[in-house]
Amino acid sequence: MWRKSMIRGYICLVGRSAGLKEYLATCAVRPCSSQTSPSDIINARQAVDIWRKRFELNGVTEPDLSSQYIIAHVLGAKTIEGVEQVKLSAFLTQEETQRIWKLCKKRLARMPVQYVIEEWDFRDVTLKMKPPVFIPRPETEELVELVLTDLQRKTGSPLCLEVGCGSGAISLSLLKHLPQVRAIALDQSVEAVELTRENALRLGLQDRLKVYHVDVIKDAETVLKLCSNVAVLVSNPPYLFSEDMPSLEPEILRFEDHAALDGGKDGLKVIRAILTLAPQILSDDGCVYLEVDPRHPQLIRDWLEVNVEWLRLAETRHDITSRPRFCILRKDKANDRTLHLG
């Protein structure tokens, strides 16, 4: 799942020194090999090949793309295809070569590309990224599409609550697309709260987003005080089964916050807390949108029937790989509850 999103390009403008470039143009290029050092005179194409081979030798996942996107980033493009042909053939400056070596060594240590280049594109926003804050996956972009469809139908200034905001990807994408929406974002991680605030400021969306350091399991009363009359509650919570954690790639195990991934024995630890609070937070006919493990929809339906009133699993949507990935839950309207009681 995660590999689809591991590789993205980002813009980071890097200046060139004309004098150095002219000097290097008169020099002979040394033979290219995986043992080339930062002091060697090479062009971008050779650098891509050097690091692809080195990544392959060291078992780094997606070695070709890892090499391409890091070098494209240093050259000021999002992808290697976006780099001008003349730049690909021209000799790298000493500064560029050293920067490429520095970033690629981080990738060699299995640091995810998003952390290596410190930025990541999520839908229509570019987010700053840094460990250990959770890296959003492509499935979460699909989750945002589902929420957008609902919010576009609502009038006024609907309030959206995101539980487990990480880098702020979901909330900030919603706010960017819908200027009438306001949002509250919660996370149990101080680093995530700080990064979401930083990304909101970078995107100029800080006036419509409130971010709080809150744990929905430990601080339920605080959540209820901060959040009410919410039109949409959306979350990509930690939903992995604890037994599945050891099988994750080194990129995840070494660098990402395990608390943002491990959902407990059945993957529902945080989800149960969210669904318990939801009827008290949501406005009438409000909705909960969850990204879950494919094993979860029936587990959630069964648990709701026994433990939560006025909230029902309305539908389950599949992701692009045809796995049941998104649960949409609706709060009953007041008159529906009255009829039920009668």
Side-chain angles (χ1 to χ4, degrees), residues 5 8 10-11 119-129 133-187 192-212 214 216 223 226-237 274-275 277-292 311 314-320 325-331 333:
S5 67
R8 296 290 173 96
Y10 310 95
I11 296 176
E119 286 189 332
W120 183 74
D121 282 355
F122 182 85
R123 286 177 46 82
D124 51 356
V125 296
T126 298
L127 302 167
K128 181 177 176 62
M129 292 300 309
V133 179
F134 179 76
I135 300 169
R137 275 55 171 178
E139 288 87 347
T140 307
E141 297 189 8
E142 298 179 60
L143 176 65
V144 170
E145 289 290 341
L146 295 176
V147 178
L148 281 173
T149 301
D150 189 4
L151 285 173
Q152 286 171 335
R153 293 196 295 261
K154 296 185 181 297
T155 59
S157 301
L159 179 62
C160 175
L161 170 63
E162 180 183 6
V163 177
C165 55
S167 61
I170 294 174
S171 291
L172 294 172
S173 185
L174 293 173
L175 293 175
K176 181 77 172 180
H177 195 79
L178 299 173
Q180 75 275 20
V181 169
R182 297 169 297 117
I184 297 173
L186 313 177
D187 205 291
V193 167
E194 291 175 349
L195 187 58
T196 293
R197 286 173 177 161
E198 182 177 350
N199 279 323
L201 190 62
R202 284 158 58 100
L203 294 166
L205 298 170
Q206 69 278 8
D207 292 341
R208 291 191 286 132
L209 177 66
K210 295 180 180 179
V211 190
Y212 299 103
V214 176
V216 293
V223 175
L226 293 173
C227 311
S228 62
N229 202 34
V230 170
V232 164
L233 191 165
V234 57
S235 182
N236 175 21
I274 291 172
L275 298 182
L277 292 170
Q280 303 169 75
I281 292 172
L282 292 172
S283 57
D284 278 350
D285 205 28
C287 293
V288 178
Y289 290 84
L290 297 175
E291 180 177 328
V292 301
L311 191 67
E315 60 179 310
T316 299
R317 297 285 188 92
H318 291 68
D319 62 22
I320 196 170
R325 179 67 63 188
F326 312 108
C327 287
I328 303 175
L329 304 100
R330 296 190 183 278
K331 180 180 177 179
K333 295 180 181 179

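- Minimum interatomic distance between Val223 and Ile281 (heavy atoms only, all atoms of both residues): CG1-CD1, 3.7 Å.
- At least one side-chain heavy atom of Leu209 sits less than 4.5 Å from a side-chain heavy atom of Thr196.
- Of the inter-residue distances, the one linking Glu162 atom CD with Ile184 atom CD1 reads 11.5 Å to the nearest 0.5 angstrom.
- Under the 3.5 Å distance criterion, the side-chain polar atoms of Lys331 are matched with a main-chain donor or acceptor of Pro279.
- Put simply, CG on Leu175 and CG on Leu203 are 9.5 Å apart, with the number rounded to the nearest 0.5 Å.
- Between Ser173 and Val144, the shortest heavy-atom contact is OG-CG1, 3.9 Å.
- In this structure, Ile320 and Glu142 approach most closely via the heavy-atom pair N-OE1, 3.0 Å.
- Between Lys154 and Val232, the closest side-chain pair of non-hydrogen atoms falls below 4.5 Å.
- Contact check for Ile170 versus Cys165: no side-chain heavy atoms found under the 4.5 Å cut-off.
- Under the 3.5 Å distance criterion, the side-chain polar atoms of Arg182 are left unmatched by any main-chain donor or acceptor of Gln180.
- Counting only heavy atoms from C-beta outward, the side chains of Pro237 and Ile274 approach each other to under 4.5 Å.
- Here the shortest heavy-atom pairing between Arg208 and Val181 reads NH1-O, 2.8 Å.
- In this structure the side chain of Val193 never reaches within 4.5 angstrom of the side chain of Tyr212, judged on heavy atoms.
- The CG atom of Leu159 sits 7.5 Å away from atom SG of Cys227, with the distance rounded to the nearest 0.5 Å.
- Between Phe122 and Leu172 the shortest side-chain heavy-atom distance does not fall below 4.5 Å.
- Put simply, the side chain of Val147 reaches to within 4.5 Å of the side chain of Leu174, judged on heavy atoms.
- A donor-acceptor pair under 3.5 Å is absent between the side-chain atoms of Glu119 and the main chain of Thr126, judged by distance alone.
- One finds the SG atom of Cys160 at 9.5 Å from the CG atom of Leu148 (value rounded to the nearest 0.5 Å).
- Among all heavy-atom pairs drawn from Trp120 and Glu141, the shortest one is CH2-OE2, 4.1 Å.
- For Ala192, the side chain to side chain contact (heavy atoms under 4.5 Å, CB included) criterion is met by Val133, Asp187, Ser189, not counting sequence neighbours.
- With hydrogens and angles ignored, the 3.5 Å screen pairs no side-chain donor or acceptor of Arg325 with any backbone N or O of Glu139.
- Of all heavy-atom pairs between Arg330 and Cys287, the closest is NH1-SG, 2.6 Å.
- Distance check, rounded to the nearest 0.5 Å: CG of Leu290 to CG of Leu275 gives 5.5 Å.
- Taking the side chain as every heavy atom from C-beta outward, Arg123 and His177 approach each other to under 4.5 Å.
- Using modelled atom types, one side-chain atom of Asn199 and one backbone atom of Ser167 make a donor-acceptor pair closer than 3.5 Å.
- Going from atom CD of Glu291 over to atom OG1 of Thr140 covers 3.5 Å, rounded to the nearest 0.5 Å.
- Contacts of Glu198 classified as side chain to side chain contact (heavy atoms under 4.5 Å, CB included), with partners at least two apart in sequence or in another chain: Lys128, Lys130, Leu195, Arg202.
- For the side chain to side chain contact (heavy atoms under 4.5 Å, CB included) test, residues two or more places apart in sequence or in another chain that qualify with Ala278 are Leu233, Leu282, Val288, Leu311.
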